[in-house]
Amino acid sequence: MNPNEIDIHKELKKYFGFSQFKGLQEQVIKSILNKTNTFVIMPTGGGKSLCYQLPALVQEGTAIVVSPLIALMKNQVDAIRSLSSENGVAHVLNSSLTKTEISQVKKDITSGITKLLYVAPESLTKDEYVEFLQNVPISFVAIDEAHCISEWGHDFRPEYRNLKNIIKLIGDVPVIGLTATATPKVQEDILKNLDMSDAKTFKASFNRPNLFYEVRTKTKNIEADIIRFIKHNKGKSGIIYCLSRKKVEEIAGILQVNGISAVPYHAGLDAKTRARHQDMFLMEDVEVVVATIAFGMGIDKPDVRFVIHHDIPKSLESYYQETGRGGRDGGEGHCMAYYSYKDIEKLEKFLSGKPIAEQEIGYALLQEVVAYAETSISRRKFLLHYFGEEFDSETGEGADMDDNVRNPKAKVEAQEQVKKLLEVVKDTKHLYKSKEIVFTLIGRVNATIKAYRTDTQKFFGAGATFDERYWMALIRQVLVDGMLTKDIETYGILKVSDKGLDFIKNPTSFMMSEDHEYSESEDEAIVTAAKSSGTADEALMGMLRDLRKKVAKKLGVPPFVVFQDPSLEDMALKYPITLDEMINVHGVGEGKAKKYGKEFLELINRYVDENEIIRPDDLVVKSTGANSANKLYIIQNIDRKLSLSDIASGKGLKMDDLIKEMEQIVYSGTKLNIKYWIDEMLDDEQQEEIHDYFMESESDNIENALKEFDGDYDIDELRLMRIKFISEVAN
C-alpha cells in the first residue's frame with residue numbers, strides 16, 4: 001500500500017477513536033510511513049507509543065518494538081489487542097514464554113496477523129529469533145526508551161549497545177528511536193549508537209506548564225512536613241519517591257500510623273504484592289504510594305496531584321521523568337523535592353565503588369541536580385535549558401509555577417564578575433570544567449591547574465574577593481543565560497558562546513539572584529529557633545518541673561523516676577492535652593502516661609487555654625513502633641527468665657544494644673523483672689547499696705554513679721541496677 005494513499009486520520013479514528021492527533025504525532029507517523037529513519041523526543045504523557053502503533057497497524061509486515069520493561073510491554077500488548085478482533089495482532093517475545101507459546105507467536109507473524117512484536121533487547125540477541133526475523137517481512141524497528149543506549153541517560157542498559165548490529169542482521173529496515181527524556185548529550189549519543197545520523201528528528205516541548213516545582217530544605221522534621229502537606233491535600237492522589245527500599249517501608253509505615261492510606265512499592269516485594277499495590281493506587285483504594293523509582297513505569301494514572309521526592313534523585317532526567325507522572329490530565333500537579341547536600345554526599349559515596357568512567361558521569365549528573373536544587377532563578381527555565389530548550393520566564397506558559405518565581409530572591413549587579421568569569425574561561429583556552437574555573441578565580445591550586453601552569457598566569461586569583469559558592473552560582477546563571485555552554489563531546493568543559501564574546505566586548509547589566517543557603521546549619525537553625533521561639537516553652541518547662549517535684553515528693557521517689565528531662569522538654573514542645581498525645585511524647589509510652597500523665601495533662605491544658613497557645617495540630621508524628629517486635633520479644637523472654645546474653649544473641653544484638661532497648665522499655669512505663677539475672681552478678685547487700693544511691697540521688701546519670709562508687713561496680717552492673725530500680729520504683 002502506498003503511504004500516500006493511507007488516510008491516517010481515518011485509521012486513527014478506526015483504531016484509537018480519536019478524531020485528531022496530538023502535538024507532533026501526525027508528522028512523526030508520516031515520516032515512519034515514508035520509511036525514513038526517525039528520532040522522537042517527546043515527554044512522558046505526550047502520546048509517544050501511538051507514533052509507532054498506528055503505522056504498524058496500517059502497514060504490511062510486522063513492526064519490532066524493543067522495550068526494556070516487561071510490565072510495560074504487557075500493558076501495551078493488552079491495549080492493542082483490545083483494539084482488534086485478532087488476539088495475535090500484538091505479541092511479546094521474551095524468556096517467560098513456553099515452547100508452545102513461542103511457536104504460536106511465530107505462526108501469527110508468518111501468516112501476517114501480528115502487526116507489533118514487543119521484544120526485550122536480550123531476546124533479540126538469540127540466534128534462533130534473529131534467523132526467524134530475517135525471513136519474515138518487517139515494517140520497521142522501533143526502539144522505545146532509547147536513552148537506555150547512552151551512558152549519560154538515567155537508565156543505561158549495556159544490552160542496548162548491540163542493537164544497531166542486530167538490526168543490520170535482520171535487514172535494511174527503517175529505525176525509529178523514541179525517548180521521553182534526553183539532554184543534547186544523550187540525543188547525540190543515541191543517534192551515534194544507532195548509526196542513524198540521517199534520522200529526521202522530532203522534538204516536542206518539555207514544558208509542563210501545569211506542574212508547580214518546589215524544593216524544600218530537608219530537616220529533621222521531614223516526616224511531619226510531609227504528613228502536613230498530604231493532610232492539606234486530602235483526597236488527592238500522590239507519589240512519594242525514596243532512594244532505598246528501607247526508606248520506602250519506613251515512610252509508608254509512618255503515613256499509615258498517622259491516618260493516611262498509603263502502600264509501599266519496590267522491587268523487593270513479590271510480583272503479586274506489587275501488582276496489588278499498583279491496582280489499589282489506580283483504583284483509588286489508597287491515596288499515596290511510597291516507592292523507589294521501580295514504580296510508575298507504564299503507570300497511566302492521569303490525576304496524580306503531587307509527586308514528593310523524599311530523597312533527591314541521581315540525575316535531572318530521573319527527576320523530570322518522575323515529576324512528569326503528576327498532572328497528566330493537564331490539571332494541578334505539585335512537585336516537591338527535599339534537598340540537603342548531605343544526600344548528595346551519600347550518593348557520591350555510592351559512586352566511589354564504580355569504574356572511573358562511570359564515576360565521572362555520575363558525578364557530573366549529580367552536580368546538575370545540585371545546581372537545580374540550589375538555583376534561585378526560575379526552576380522551569382533551568383530544567384528546560386538542561387533539555388536544550390529556551391524558555392522565556394516572563395511570558396512563557398507556566399512562568400509563575402515555581403517557588404523561586406513566587407518568592408524571588410534578592411538580586412545583585414554582577415556585570416564585572418560576569419566579564420571576569422568569561423575572560424577566565426576564554427584565557428584558560430576552554431580546558432576546564434566549572435570546578436577548575438572557580439579555583440582559578442579564587443586562587444586555589446589543584447593537580448589539573450598545576451599541570452597547565454594556570455597558577456602562574458596573572459589572572460589567577462583575580463576573583464578572590466568572592467567565595468567558591470558565589471562563583472558556582474554565577475556560572476550556573478551565566479550558563480542558563482547562554483553566555484557559557486557545556487561542550488557535548490567532553491561533557492562539562494565550559495566554553496564561551498558568541499553571546500558571551502559579545503558581552504566581553506560590550507558588558508551590560510547582569511542581575512544575579514542570590515543563591516539559596518541549603519546547609520545543615522539551616523537544620524540546626526530550625527531546631528535552635530524552635531528552642532528559642534518557645535518550642536521548649538521555658539515558662540511551661542518551669543511549671544512542669546515544679547509539678548514533677550511535687551509528684552515525686554508525694555510518692556517518695558526521685559523526680560527522674562516520674563519523667564526524665566527530655567520527656568518534659570518534649571511536652572513543652574508539643575503541648576499534649578490527651579492521653580493519646582501524651583503516649584507519643586518522647587520516652588513516655590502507655591504505662592507512664594497512664595500512671596503519671598493525668599496531672600501533667602491537666603496542667604498543660606490549663607496553660608494552653610490561659611495563654612491562647614496554637615498547638616501544632618498534626619505534628620505529633622506517631623512512630624511505627626518498628627521496634628515493637630523487639631520490645632515484645634525482650635519482655636516475653638525476661639518473663640521466661642532467659643539469660644540476657646541468650647536474649648541478645650537471639651536477635652543479633654550486642655549487650656549494649658539490649659540494655660538500651662530495656663532502658664527504653666522501663667523508662668516508658670513497662671515493668672521488667674530482671675532480679676533473676678542481677679542475683680547472679682551482685683549479692684543482696686550490693687544491690688541495696690546501689691538502690692539506695694538511686695533513691696537519694698538528684699539524677700539517674702550513670703557517669704555520676706560511676707564516680708560515686710569509684711570503680712566498685714562496672715557500667716553494665718550500674719545500668720542493669722538502674723533498670724531494676726526504675727522498674728520497681730517508677731512503674
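Each of Y339, Y319, Y372 was checked for a ring-ring contact (aromatic ring centres under 6.0 Å, His included) with H309, and the lone residue meeting it is Y319.
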* Could you go step by step and tell me if D392 and T395 meet the side-chain hydrogen bond (donor to acceptor under 3.5 Å, both in side chains) rule? -> CA-CA 6 Å; D392 185 330; T395 59; 3.2 Å; yes
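Between the NZ atom in K426 and the CG atom in L421 there is a gap of 13.0 Å [rounded to 0.5 Å].
Counting heavy atoms of neighbouring residues, nucleotides and ligands inside a 6.0 Å radius, atom NZ of K203 exceeds 12 of them. Within 6.0 Å of CD in Q359 there are more than 12 heavy atoms belonging to other residues, nucleotides or ligands. Within a 6.0 Å sphere centred on CD of E122, other residues, nucleotides and ligands contribute more than 12 heavy atoms. Within 6.0 Å of atom NZ in K168, more than 12 heavy atoms from other residues, nucleotides or ligands are found, so the atom counts as buried in its surroundings. Within 6.0 Å of NZ in K435 there are 12 or fewer heavy atoms belonging to other residues, nucleotides or ligands. Sparse packing is recorded around NZ of K200, with 12 or fewer heavy atoms of other residues, nucleotides or ligands lying under 6.0 Å away. For N165, the CG atom sits in a packed shell: over 12 heavy atoms of surrounding residues, nucleotides or ligands are nearer than 6.0 Å.
Applying the ring-ring contact (aromatic ring centres under 6.0 Å, His included) test to every pair with at least one member in residues 342-368, sequence neighbours left out, gives no pairs at all. Each ring-ring contact (aromatic ring centres under 6.0 Å, His included) pair with one or both residues in residues 175-210, not counting sequence neighbours, appears once here: F206-Y320, F206-F387.
Between the side chains of R245 and Y265, not a single donor N or O lies within less than 3.5 Å of an accepting N or O. With 3.5 Å as the limit, one finds a donor-acceptor pair spanning the side chains of E214 and H334. Side-chain polar atoms of E26 and Q20 form no donor-acceptor pair below 3.5 angstrom. At a cut-off of 3.5 Å, with distance as the only test, no side-chain donor of E317 or T183 sits close to an acceptor on the other residue.
A distance-only check finds no donor-acceptor pair linking the side chain of D189 to the backbone of S150 [under 3.5 Å].
For an aromatic pair to be called close, the ring centres must be under 6.0 Å apart, and F21 with H9 satisfies this.
K301 forms a cation-pi arrangement with F281, by the criterion of a distance under 6.0 Å to the ring centre and an angle within 45° of the ring axis.
Using a 4.5 Å cut-off on side-chain heavy atoms (C-beta onward), K495 and L484 make no contact.
Taking every heavy atom of both residues into account, C51 and I32 meet most closely at O-CD1, 3.3 Å. Here the closest non-hydrogen pair linking D403 and V215 is OD2-N, 3.0 Å. The nearest pair of heavy atoms linking G398 to R380 is O-NE, 2.9 Å.
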